[in-house]
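A, B, ... follow the sequence lines: proteins, then strands. Residue 1 opens every chain. Computed from heavy atoms alone, side chains included, the values below leave out hydrogens, waters and symmetry copies.
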Amino acid sequence: DAGVTQSPTHLIKTRGQQVTLRCSPKSGHDTVSWYQQALGQGPQFIFQYYEEEERQRGNFPDRFSGHQFPNYSSELNVNALLLGDSALYLCASSWQNTEAFFGQGTRLTVV
Amino acid sequence: GIQVEQSPPDLILQEGANSTLRCNFSDSVNNLQWFHQNPWGQLINLFYIPSGTKQNGRLSATTVATERYSLLYISSSQTTDSGVYFCAVEAGTYKYIFGTGTRLKVLA
């Protein structure tokens with residue numbers, strides 16, 4: 001079992017650019033959630049996808065958008081990047097809404 | 001929304017010592033998990049424990065849902081136990097709310 005995999009692991013972008021992060025859920029899982037973790041803080045919920053629809057959204061601007069594909073994999077897109085978007089982005093998968101398993105994260109640096 | 005508080009915020013132990021980490025939450029929850037975040041950022045599942053008691057080797061956890069707290073016990077600590085421990089709860093809104101974490105350092 002490969003677990004939750006995320007790509008890329010590290011990324012450097014310039015302010016104003018757009019970025020796409022990818023996540024493949026653990027085998028058998030149908031739900032994908034995205035979290036943002038700033039340095040020294042706990043992860044903050046961005047949104048959750050289930051059956052290819054956004055089911056729940058946290059307190060993040062519309063610049064953050066996502067997608068879930070029929071194979072349950074997911075993408076997180078961030079437009080018009082700001083310096084404050086620099087963070088570790090974590091993807092979590094679960095079956096329905098039970099125990100969540102996290103990927104290794106994508107560390108995004110905006111310069 | 002639900003509030004999650006963890007204590008202590010920081011903990012320094014000598015190798016071999018025991019410790020108890022606490023997680024308080026402000027409302028009823030459907031799901032509760034304990035994680036260990038390693039220095040590379042990976043969140044490692046320790047326990048999925050919305051209620052009751054579980055044990056896994058040197059670690060054990062207890063959640064008393066009616067009193068809205070959970071405890072994580074680490075016995076005979078090792079240097080590899082160092083890192084940040086997070087409690088996260090889900091209260092029917094499909095999103096996990098994380099506490100601020102306990103930063104543990106185990107000295108050899």
Transitive ILVMFWY side-chain link B/I97 to B/V84, under 4.5 Å: no
Selection from A/T98, A/T31, A/L88 maximising heavy-atom pairs under 4.5 Å formed with chain B: A/T98
Over 12 non-hydrogen atoms of neighbours within 6.0 angstrom of CD1 in A/I12: no
Minimal non-hydrogen separation, B/W40 against A/R107, with atom names: O-NH2, 4.0 Å
Chain B contact via A/Y50 - which portion, at a heavy-atom distance below 4.5 Å: neither
Nearest non-hydrogen partners of B/L43 and A/L90, listed with the distance: CD1-CD1, 3.8 Å
Neighbour count above 12 (heavy atom, 6.0 Å) for A/Y72 OH: no
ILVMFWY network linking A/V78 to A/V110, side-chain heavy atoms under 4.5 angstrom: yes
Transitive ILVMFWY side-chain link B/Y48 to A/F102, under 4.5 Å: yes
Side-chain donor-acceptor contact under 3.5 Å, A/E99 with B/N45: yes
A/R15, CZ atom: more than 12 neighbouring heavy atoms under 6.0 Å: no
A/F45/B/F98 aromatic ring centres below 6.0 Å: no
Distance-minimising heavy-atom pair for B/F86 and A/Q41: CZ-O, 4.0 Å
Heavy atoms of other groups near B/E5 CD, more than 12 under 6.0 Å: no
A/N59 atom CG: more than 12 heavy-atom contacts under 6.0 Å: no
Best-contacting candidate, B/G99, B/G1, B/G41, B/P50, against chain A by heavy atom pairs under 4.5 angstrom: B/G41
Non-hydrogen atoms of B/Y96 and A/A100 that approach each other most closely: CE1-CB, 3.9 Å
Atom pair OH/CD of B/Y94 and A/Q48 - distance to nearest 0.5 Å: 8.0 Å
Under 4.5 Å from any heavy atom of chain A - which part of B/Q37: side chain
Interatomic spacing from CZ in A/R57 to OG1 in B/T93 - rounded to 0.5 Å: 15.0 Å
Under 4.5 Å from a heavy atom of chain B, the part of A/Q56 involved: side chain
In one Ile/Leu/Val/Met/Phe/Trp/Tyr side-chain cluster, 4.5 Å: B/L13, B/Y85: yes
Within 6.0 Å of CG in A/L39, more than 12 heavy atoms from elsewhere: no
Contact origin within A/Q37 toward chain B - heavy atom pairs under 4.5 Å: side chain
Donor-acceptor contact below 3.5 Å, side chain A/Q104 vs main chain B/Q42: no
Separation between NZ of B/K95 and OH of A/Y35, rounded to the nearest 0.5 Å: 9.5 Å
